[in-house]
Amino acid sequence: MKYISVTYKIGILVSLLFWVGCKEDNKTYAPIQLNFSRVGVKVGVTALLQVSGSENFTTELSNDRIVALSVSNGVVHITGIKVGSTTLTVTGEGGDQQTCTITVVENAQLETDFIKDETSRIEGWRDVSIKMDAQEGGVFSMQKDVNALGVSALGSVTYDYSWVDDEDSFFRASALGTFTSSGILDDGLVVYKESGQDIQYLISEKVEIKQIKNGKVWLVFQFPGRRDIRIVTDAF
């Protein structure tokens, strides 16, 4: 009788586990909803997309070089990086999906502000602009006929920024071409290092001199998948 009792108990336990498993399998999820099916945003500007029906959802972009995403309290924050379009797919806990087409357009005001400001600076390297003339302990220099790797390159110009009290951090950007008028340059390269981190190498897909005025030059280094790096400094 004792053996039969133990077997009986095991049978009941197995049945309960099976019943609980079935309950989990049969769990229903509310369908997710987006408050917009299309979103337009300017470069450098953030738009908000509300997701309802699911607290736990995942996001996926068809092209992750166009925008940057972050999620907070059921809201997707969409920041324009590059001009173009991408499709955002949001997947809920139950596997249902909703999509949103995101279009990023040029920010004319951002461009105008960049051109109007004659402050020597580096934008887009860090979260804040580095104002080269005002940054305490910063050292800026320009070198001809050498690239950002320190390799001899006839016709190249390298812009170098570092700190007196931090020998482990630096920023270098170089390009090849004629620096006497607005236009496109070649061989754009940015090399930088933050203290305690590895050296980063960025090959620019396009380098453009936006303006030369009042002894200053406005340079824009463009990259796939990240924001532009912009430099305003003295012209040679």
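Residues take their numbers from the sequence shown, with the count starting at 1. Below, each value reflects all heavy atoms present in this structure, side chains not excepted, and no hydrogens, waters or symmetry copies.
- In this structure, the side chains of His77 and Leu48 come closer than 4.5 Å at one or more pairs of heavy atoms.
- For the side-chain contact (heavy atoms from CB on, under 4.5 Å) criterion with Val190, the lone passing option out of Ile203, Val207, Leu202, Ile231 is Leu202.
- Met142 is not listed as a side-chain neighbour of Asp160, based on a closest heavy-atom distance of 4.5 Å or more.
- Formation of a donor-acceptor pair under 3.5 Å by the Ser169 side chain with backbone atoms of Ser195 is found in this model.
- One hydrophobic cluster holds both Val90 and Leu61 under the rule that ILVMFWY side chains link at heavy-atom gaps under 4.5 Å.
- Here the OG-CG distance, from Ser174 to Leu149, works out to 7.0 Å after rounding to the nearest 0.5 Å.
- Note that the CG atom of Asn63 and the OG1 atom of Thr86 stand 5.0 Å from one another [nearest 0.5 Å].
- Here the straight-line distance linking atom CG of Asp228 with atom NZ of Lys206 works out to 9.5 Å at 0.5 Å rounding.
- Few gaps surround CZ on Arg226; more than 12 heavy atoms of other groups in view lie less than 6.0 Å from it.
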Quick one, Leu49 with Val75, criterion side chain to side chain contact (heavy atoms under 4.5 Å, CB included). Give me CA distance, side-chain angles, the key distance, then yes/no.
CA-CA 6 Å; Leu49 181 68; Val75 178; over 6 Å; no

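- Side chain to side chain, Thr158 and Gln143 fail the donor-acceptor criterion of an N or O pair below 3.5 Å.
- Between the side chain of Trp218 and the backbone N or O of Phe114 there is at least one donor-acceptor pair closer than 3.5 Å.
- Taking the side chain as every heavy atom from C-beta outward, Val146 and Ser152 never approach each other to under 4.5 Å.
- Here Lys193 pairs with Asp168 in a salt bridge; the nearest charged N to carboxylate O distance falls below 4.0 Å.
- By the 4.5 Å heavy-atom criterion applied to side chains, Tyr192 and Arg172 are not counted as neighbours.
- Considering every non-hydrogen atom in both Val43 and Ile81, the closest pair reads CG1-O, 3.6 Å.
- Side chains of Val191 and Phe170 form a contact here, defined as non-hydrogen atoms less than 4.5 Å apart.
- Cluster membership for Phe140 and Ile130, using ILVMFWY side-chain heavy atoms within less than 4.5 angstrom, is shared.
- To the nearest 0.5 Å, atoms CG (Asn107) and OG1 (Thr112) are separated by 8.5 Å.
- Remark: Arg227 fails to qualify as a cation-pi partner of Phe223 under the 6.0 Å distance and 45° angle criteria applied to the six-membered ring.
- Counting heavy-atom neighbours within 6.0 Å of Glu205 CD, excluding the residue itself, gives a total above 12.
- Distance check, rounded to the nearest 0.5 Å: OG1 of Thr46 to CD1 of Ile78 gives 9.5 Å.
- Nearest approach of Ser54 to Ile32, heavy atoms of both residues: CB-CG2, 3.3 Å.
- When side chains are defined from C-beta on, Glu194 counts as touching Trp125, because their heavy atoms get closer than 4.5 Å.
- With salt bridges taken as basic N to acidic carboxylate O contacts below 4.0 Å, one links Glu111 and Arg230.
- When every heavy atom of Asp234 is checked against every heavy atom of Lys216, the shortest pair comes out as OD1-NZ, 3.6 Å.
- Considering every non-hydrogen atom in both Lys210 and Val220, the closest pair reads CG-CG2, 3.6 Å.
- Thr99 and Thr89 share no side-chain donor-acceptor pair at under 3.5 Å.
- Using a 4.5 Å cut-off on side-chain heavy atoms (C-beta onward), Tyr161 and Val139 make no contact.
- Side chain to side chain, Ser120 and Lys131 fail the donor-acceptor criterion of an N or O pair below 3.5 Å.
- Criterion: ILVMFWY side-chain heavy atoms under 4.5 Å apart, direct or through other members. Under it, Val76 and Val104 are part of a common hydrophobic cluster.
- Cluster membership check: Leu88 shares its hydrophobic cluster with Phe57, using side-chain heavy-atom separations under 4.5 Å among Ile, Leu, Val, Met, Phe, Trp and Tyr.
- Between Lys82 and Gln222, the closest side-chain pair of non-hydrogen atoms falls below 4.5 Å.
- A distance of 11.5 Å separates CD in Gln98 from CG in Asn35, rounded to the nearest 0.5 Å.
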Ile209 vs Phe179, side chain to side chain contact (heavy atoms under 4.5 Å, CB included): CA-CA, chis, key distance, verdict:
CA-CA 8 Å; Ile209 296 179; Phe179 288 76; 4.1 Å; yes

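- In this structure, Val83 is a member of the same hydrophobic cluster as Val39, with clusters built from ILVMFWY side-chain heavy atoms closer than 4.5 Å.
- The two residues Asp113 and Arg121 come nearest to each other via the heavy atoms O-NH2, 4.4 Å.
- Taking each heavy atom of Asp96 and Ala30 in turn, the nearest pair found is OD2-O, 4.3 Å.
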